[in-house]
Enquirer: 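I'd like to ask you about the structure that follows.
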There are 4 protein chains.
Amino acid sequence: MQDSRKYTTIHYHQYLGIDELLALQNTRSAAVGKPAHDEMLFIIMHQVYELWFKQILHELDSVCTMFREQRVNVDNMNMVLLRLKRISEIIELMVKQIYVMETLTPLDFLDFRDYLFPASGFQSMQFRMIESTLGLREEDRLTYHGKSYKIVFSDEQQARLNEIEENGSLFELVEQWLERTPFLQFKEFDFLTAYKEAVDRMIRKEQSSIRDTPFLTEKMKAMRLKMLGDSNSYFKHVLSEEEHEKMIESGEARLSYQATIAALLINLYREKPILNIPFNLLMELANIDELLTTWRYRHAQMVMRMIGNKIGTGGSSGHDYLAKTAEKHKIFKDLHNISSLLIPRSELPDLPEDLNQSLGFYYTTH
Amino acid sequence: MQDSRKYTTIHYHQYLGIDELLALQNTRSAAVGKPAHDEMLFIIMHQVYELWFKQILHELDSVCTMFREQRVNVDNMNMVLLRLKRISEIIELMVKQIYVMETLTPLDFLDFRDYLFPASGFQSMQFRMIESTLGLREEDRLTYHGKSYKIVFSDEQQARLNEIEENGSLFELVEQWLERTPFLQFKEFDFLTAYKEAVDRMIRKEQSSIRDTPFLTEKMKAMRLKMLGDSNSYFKHVLSEEEHEKMIESGEARLSYQATIAALLINLYREKPILNIPFNLLMELANIDELLTTWRYRHAQMVMRMIGNKIGTGGSSGHDYLAKTAEKHKIFKDLHNISSLLIPRSELPDLPEDLNQSLGFYYTTH
Amino acid sequence: MQDSRKYTTIHYHQYLGIDELLALQNTRSAAVGKPAHDEMLFIIMHQVYELWFKQILHELDSVCTMFREQRVNVDNMNMVLLRLKRISEIIELMVKQIYVMETLTPLDFLDFRDYLFPASGFQSMQFRMIESTLGLREEDRLTYHGKSYKIVFSDEQQARLNEIEENGSLFELVEQWLERTPFLQFKEFDFLTAYKEAVDRMIRKEQSSIRDTPFLTEKMKAMRLKMLGDSNSYFKHVLSEEEHEKMIESGEARLSYQATIAALLINLYREKPILNIPFNLLMELANIDELLTTWRYRHAQMVMRMIGNKIGTGGSSGHDYLAKTAEKHKIFKDLHNISSLLIPRSELPDLPEDLNQSLGFYYTTH
Amino acid sequence: MQDSRKYTTIHYHQYLGIDELLALQNTRSAAVGKPAHDEMLFIIMHQVYELWFKQILHELDSVCTMFREQRVNVDNMNMVLLRLKRISEIIELMVKQIYVMETLTPLDFLDFRDYLFPASGFQSMQFRMIESTLGLREEDRLTYHGKSYKIVFSDEQQARLNEIEENGSLFELVEQWLERTPFLQFKEFDFLTAYKEAVDRMIRKEQSSIRDTPFLTEKMKAMRLKMLGDSNSYFKHVLSEEEHEKMIESGEARLSYQATIAALLINLYREKPILNIPFNLLMELANIDELLTTWRYRHAQMVMRMIGNKIGTGGSSGHDYLAKTAEKHKIFKDLHNISSLLIPRSELPDLPEDLNQSLGFYYTTH
């Protein structure tokens with residue numbers, strides 16, 4: 001029955017709701033009888049952003065749903081990856097859109113700026129939903145004149161934001177998925193022990209290499225040894241579960257100890273077929289985080305250019321707020337920090353042959 | 001009275017019509033009970049394009065209005081330029097958006113492609129309006145299965161397209177503006193005569209230079225002289241009013257003889273203050289044309305990737321149609337072709353001192 | 001011994017050969033005593049392209065080497081993918097670089113254009129090597145005034161190009177790798193038979209659906225049935241080995257029958273873990289092809305803008321040549337054409353359970 | 001004589017020094033017998049950056065030379081503008097290049113990172129020259145472990161940097177050019193007085209408008225009045241020469257009082273033909289500044305991703321240093337801050353008719 005609608009013919013304009021869409025650009029300047037040419041751009045730019053926000057949320061929600069299944073269906077992992085890549089492409093486009101925004105000059109903005117009070121980008125519900133769905137918690141956020149960012153939203157909207165925060169964000173879902181990684185302990189093989197030994201071996205080798213280099217001055221040797229020593233203690237530091245817990249308490253780290261170790265394993269043995277997609281996926285999450293940071297930063301620059309030292313339409317110092325959130329609202333910092341735990345491939349502990357096989361595919365046996 | 005509305009406070013969501021905007025993504029796949037995840041992207045991409053189209057039309061209309069004034073107000077010329085630049089930035093962004101479109105894979109498109117029949121991008125009214133406002137005439141367009149491109153539109157829409165075509169496009173307004181350029185004949189100085197002499201002088205100099213070069217073989221000399229000869233006859237060709245009219249009749253040229261000469265003058269003496277903005281403006285028109293061509297071409301590539309040899313949802317071979325329009329729908333070709341008339345600065349005829357002054361500013365005299 | 005060099009300190013300028021690098025911009029215009037400011041840009045743009053070409057060749061060579069191993073090491077597949085992605089990023093950047101090239105105006109180019117004769121981009125050895133390494137054969141290329149593209153190169157260079165052509169290009173290596181795909185015949189299951197049955201089933205279902213739709217006019221029904229019929233015969237056409245061989249002979253197809261079927265399987269069952277990376281890899285190859293096409297096309301546009309109807313410095317009509325190669329020099333067209341063979345996921349034949357398992361990972365069993 | 005060289009034929013490879021260029025990628029990893037595939041990318045990326053730096057310096061030097069002429073030749077102003085735009089396009093490309101750099105993963109970097117010690121991007125002489133030529137002074141720079149940024153350079157290089165700093169940077173040249181703007185005092189008309197009156201008028205109008213709005217709560221009125229009051233005092237603040245001098249002393253401002261007022265006039269009356277190019281030029285300077293800031297910021301992000309918390313190859317905490325310079329090394333902040341002095345067009349003081357004419361062109365009188 002319903003399927004017969006499949007063949008109802010449809011026109012482009014009707015399908016996309018073009019008439020309704022093009023009726024939504026109601027400039028305030030025209031409403032007060034002083035039409036300002038550039039307010040159209042201001043409205044359309046924001047509407048385009050909101051459409052992309054909806055798309056990003058659509059992808060994020062589907063990705064979270066796939067992660068939420070009892071055990072992530074392996075048949076979904078590449079789809080998760082491709083959807084995350086799509087989000088990256090969209091944010092890249094959003095960054096590029098700032099060049100269009102910057103064709104609005106400060107003087108032209110003045111022609112309608114007063115009519116917008118106190119509307120402000122802070123009030124974009126969807127952008128807050130994106131941040132929360134990714135994993136930004138209320139306590140991670142910059143406060144808004146000392147109050148919660150939620151105060152600009154309606155009760156209903158606040159309820160929805162609370163629900164997202166309670167539901168488990170992508171950060172938490174990825175953390176749980178990492179914690180389930182099965183190869184950290186494989187029969188006799190304990191990844192962490194093998195890795196620690198490799199680190200020790202590597203550092204001892206480097207120390208003697210430095211000491212034995214004839215043409216290095218004593219001062220240079222001391223400097224290099226000091227650098228090495230620091231990294232040694234750093235490795236010891238972060239690889240201790242106890243120390244890691246302290247870092248979580250102090251806010252220096254967020255990802256659980258178990259998940260961190262798993263992310264490290266995936267990074268180090270990423271060439272193993274079974275870890276290919278997980279590695280690409282962790283890279284893509286870090287990429288999304290970085291692109292969002294770039295967008296916030298570029299946004300801050302644009303606001304600076306537009307209004308200089310003046311306060312934003314929302315009554316806050318727009319530039320400062322945005323510039324601060326650029327770094328502060330980063331979500332997957334722990335994934336970036338994995339870099340400091342890596343050791344060169346040449347120093348990697350060899351894997352036992354049966355583990356090696358388990359990380360590959362068996363199709364040659366058929 | 002009216003002005004008091006200025007201080008009505010307004011919320012971001014209400015100002016931008018967010019609720020209405022986000023209610024316009026109605027997937028056909030969900031309507032037939034077979035929701036396809038990626039149809040959302042398909043809808044949003046097209047809606048974003050339509051919003052940008054509206055913005056481009058908004059700029060184009062304002063630019064045409066400024067050109068239509070009895071005599072273009074010189075106080076508007078830089079504004080015209082900046083609005084054209086904005087259009088360029090938007091089209092650059094539209095080109096970049098194709099990377100987002102390409103995250104929709106052919107297999108995912110199949111999940112909802114059948115439900116779209118026969119909706120098609122050919123039916124975008126606004127894009128046709130952009131082309132017509134820029135100056136694309138019905139006779140310049142690729143026919144659509146042997147029929148006018150207008151047949152997919154309603155009577156009302158067709159009337160609007162006719163109106164635009166009759167109203168005078170940006171191409172025609174720029175042509176008339178060029179024809180009004182006052183410096184082609186300045187007292188004793190006739191630009192065209194001086195330019196023709198310079199061309200002759202230049203070619204004679206080059207011919208003897210080639211003949212006198214000791215290390216060139218006779219064959220190379222002949223080849224270089226032949227190349228030179230060709231350009232000689234070409235200059236003579238295009239600088240004859242009679243020949244130019246023939247080129248217009250045959251469709252090789254479109255811009256009037258008078259306007260072409262003016263555009264040449266502006267290109268050659270572009271450093272003169274009075275010609276700075278006119279030169280930048282001609283460059284920007286050529287730039288818009290080229291960017292639109294790029295967009296059509298990339299769009300064609302994307303369609304090829306999506307549906308291979310199959311026909312598009314609109315019942316046409318999408319890729320071929322789009323690929324052909326890429327070049328064919330170019331509007332300001334004549335501006336690109338000015339390049340072949342240029343001569344090096346070192347060969348430019350000197351301007352009489354009083355003309356030179358007229359092309360500058362007088363402010364030092366105050 | 002050798003390793004002690006590891007600790008030789010090195011300075012940025014020395015490491016990168018900055019002094020030598022910055023000594024290579026010798027403008028011809030200065031050499032003849034008529035320095036032209038913009039020739040510097042001309043030289044640097046081309047040198048940057050050549051550096052990127054070297055990087056692309058570096059990646060392509062490593063990818064070919066990995067494919068050439070007796071049996072591609074599965075531990076290398078994601079590395080192959082990431083290196084192909086790097087090539088894509090580089091070509092995207094090269095496309096963007098054209099915006100920089102376009103700041104060189106035609107009049108400024110005239111200041112030094114004559115001194116370049118007959119140097120030309122056609123003479124870039126590395127670009128030809130990239131095309132050949134990817135798989136462009138001599139017979140696929142546009143001829144150059146009726147002669148081989150190789151005539152502009154030295155004997156030594158020609159020998160190197162011949163060697164690349166004989167050595168087996170990436171196209172051929174990918175073809176062989178596809179032909180080795182093990183799952184086309186899996187015990188009782190024959191992919192091609194199952195797929196053909198699915199196509200038939202799908203088309204029959206659609207036909208009766210069209211006939212039974214009450215609100216379609218007879219004319220519309222006939223039109224839709226005709227479209228469907230066409231695709232039916234098309235499927236039959238391409239899935240016959242005999243027909244495929246004919247297409248290869250006529251030049252419509254290049255990829256072998258066996259490899260085409262494997263690429264189809266990979267596209268259809270791309271969610272299966274074992275096919276994730278192969279699918280992403282085929283997409284990336286198509287992507288590189290498309291980006292190179294875009295680069296050639298944009299390059300052609302830029303040349304058009306620069307010299308209009310005049311012939312290029314290399315003595316050929318630059319724009320036409322480049323515009324034609326854009327499409328003609330595409331290498332992985334067959335991968336794009338796979339799109340027309342796809343059927344919706346809902347119509348896919350179910351895989352036998354043991355095949356399904358073989359396409360996944362076994363790690364849960366340990 | 002010399003001119004005969006014009007017709008010496010030249011080959012692409014010879015013209016561009018391809019052989020020499022492609023011989024400059026000497027990987028350290030290969031030199032120590034442990035070739036790392038990705039070091040090639042590392043070298044080429046940096047060499048490309050250095051080539052672009054050379055091009056930027058080439059443009060900046062020519063722009064400075066044009067500004068240095070006794071009285072800037074008005075025939076050069078659009079050329080200055082177009083060369084600044086070229087610099088912007090190049091920096092945009094440099095920003096995009098970071099996407100290519102990010103294909104180098106942290107683990108791959110480890111394969112050769114140790115061999116680079118202590119080479120570092122801090123040692124790029126050309127980048128320092130760009131900053132200094134634009135106008136970054138030694139005292140504006142972040143110190144390098146408490147020492148001058150120059151310590152990493154040779155004596156000869158330091159001398160060259162000193163010379164640039166003493167020679168007068170683009171900042172200073174633009175400042176002097178602004179100070180020469182002739183229209184600030186035009187017969188009876190004093191721009192500053194007229195502007196101050198307009199500001200007062202505007203603020204009084206707004207105050208009474210707020211007080212008379214019936215539906216605003218007292219609290220909202222107070223808030224709006226307070227915002228207004230702040231901007232009032234701000235205007236008074238910056239428009240006093242005495243206060244401006246204090247801001248310069250404290251480092252809050254750098255541009256001289258006279259130049260600031262001129263920049264304000266140009267911004268407000270930018271539609272006047274004589275101010276078109278000056279306005280576009282000020283915008284482009286601000287744009288270059290912003291793009292460089294973006295490049296530094298993205299660079300910092302990339303370093304963070306690559307090495308996490310570890311210190312850079314140059315022995316400094318790369319990410320922190322770069323992130324801090326992003327904002328600190330901004331040069332034309334004063335141009336951005338002009339935005340806060342602007343008043344809406346509708347409030348602009350009318351210009352006397354003769355001044356109005358002087359700001360236009362006289363060509364209609366001939």
Side-chain angles (χ1 to χ4, degrees), chain C residues 2-3 5-7 9-18 20-26 28 31-34 37 40-41 43-44 46-48 50-52 54-55 58 62 82 85-86 89-90 92-93 96-97 99-100 102-103 105 114-126 152, chain D residues 2-3 5-7 9-18 20-26 28 31-34 37 40-41 43-44 46-48 50-52 54-55 58 62 82 85-86 89-90 92-93 96-97 99-100 102-103 105 114-126 152:
Chain C
Q2 208 176 13
D3 207 32
R5 292 182 55 181
K6 177 173 172 182
Y7 294 111
T9 60
I10 187 155
H11 192 282
Y12 176 89
H13 283 226
Q14 166 196 358
Y15 176 51
L16 298 172
I18 301 290
E20 296 88 340
L21 181 71
L22 301 183
L24 296 177
Q25 295 72 39
N26 300 304
R28 296 274 290 171
V32 301
K34 298 182 173 174
H37 176 84
M40 180 67 81
L41 178 66
I43 292 177
I44 282 181
H46 283 95
Q47 289 178 337
V48 167
E50 289 290 335
L51 286 175
W52 290 130
K54 178 164 183 177
Q55 186 63 41
H58 184 64
S62 81
L82 295 179
K85 275 184 194 300
R86 175 177 294 165
E89 286 290 351
I90 292 173
E92 267 195 47
L93 188 66
K96 172 116 182 96
Q97 186 175 326
Y99 289 117
V100 175
E102 289 181 342
T103 65
T105 67
D114 275 354
Y115 312 141
L116 309 184
F117 180 81
S120 154
F122 298 109
Q123 298 165 349
S124 168
M125 175 71 182
Q126 286 196 119
V152 298
Chain D
Q2 207 176 13
D3 207 31
R5 291 183 57 182
K6 177 173 170 183
Y7 294 112
T9 58
I10 189 156
H11 191 283
Y12 176 90
H13 282 226
Q14 168 196 357
Y15 176 52
L16 298 171
I18 301 290
E20 297 86 341
L21 181 71
L22 302 183
L24 297 175
Q25 294 73 39
N26 301 303
R28 297 274 288 172
V32 302
K34 296 183 174 174
H37 176 83
M40 179 67 79
L41 178 68
I43 292 178
I44 282 181
H46 283 93
Q47 289 179 337
V48 167
E50 289 291 335
L51 286 176
W52 290 129
K54 177 163 185 178
Q55 186 63 40
H58 183 65
S62 80
L82 296 179
K85 275 184 194 300
R86 176 177 293 164
E89 286 288 350
I90 292 172
E92 266 195 47
L93 188 67
K96 170 112 182 103
Q97 185 175 326
Y99 289 117
V100 175
E102 289 181 342
T103 64
T105 66
D114 275 353
Y115 311 141
L116 308 185
F117 181 81
S120 153
F122 298 109
Q123 299 165 349
S124 169
M125 173 72 181
Q126 288 197 118
V152 298

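Not measured: the values here are computed from a predicted model. Chain naming here is simple, since letters A, B, ... match the order of the sequence lines and numbering starts at 1 in each.
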Enquirer: Which residues pass the side chain to side chain donor-acceptor pair (under 3.5 Å) test with Y15(C), sequence neighbours left out?
Expert: E39(D)
Enquirer: Looking at E92(C), E20(C), H37(C), which makes the most heavy-atom pairs under 4.5 Å with chain D?
Expert: H37(C)
Enquirer: Taking N26(D), L41(D), I90(D) one by one, which has the highest count of heavy-atom pairs under 4.5 Å against chain C?
Expert: L41(D)
Enquirer: If you tally heavy-atom pairs under 4.5 Å against chain D, which of V152(C), V48(C), L82(C) wins?
Expert: V48(C)
Enquirer: Taking the side chain as every heavy atom from C-beta outward, state whether L21(C) and L51(D) have any pair of such atoms under 4.5 Å apart.
Expert: yes
Enquirer: Rounded at 0.5 Å granularity, tell me how far OG in S124(C) sits from CG in L16(D).
Expert: 9.0 Å
Enquirer: Can you list the residues that meet the side chain to side chain donor-acceptor pair (under 3.5 Å) rule with T105(D), with sequence neighbours excluded?
Expert: R270(A), D108(D)
Enquirer: Short question: side chain of H46(D), backbone of Y12(C) - any donor-acceptor pair under 3.5 Å?
Expert: no
Enquirer: Under a 3.5 Å distance rule, please check whether K54(D) uses its side chain to pair with a backbone N or O of L22(C) as donor and acceptor.
Expert: yes
Enquirer: Quick check for you: among Q126(D), Q25(D), R86(D), K96(D), which has the greatest number of heavy-atom pairs under 4.5 Å with chain C?
Expert: R86(D)
Enquirer: Based on non-hydrogen pairs under 4.5 Å, which of E89(D), M125(D), H13(D) is most in contact with chain C?
Expert: H13(D)
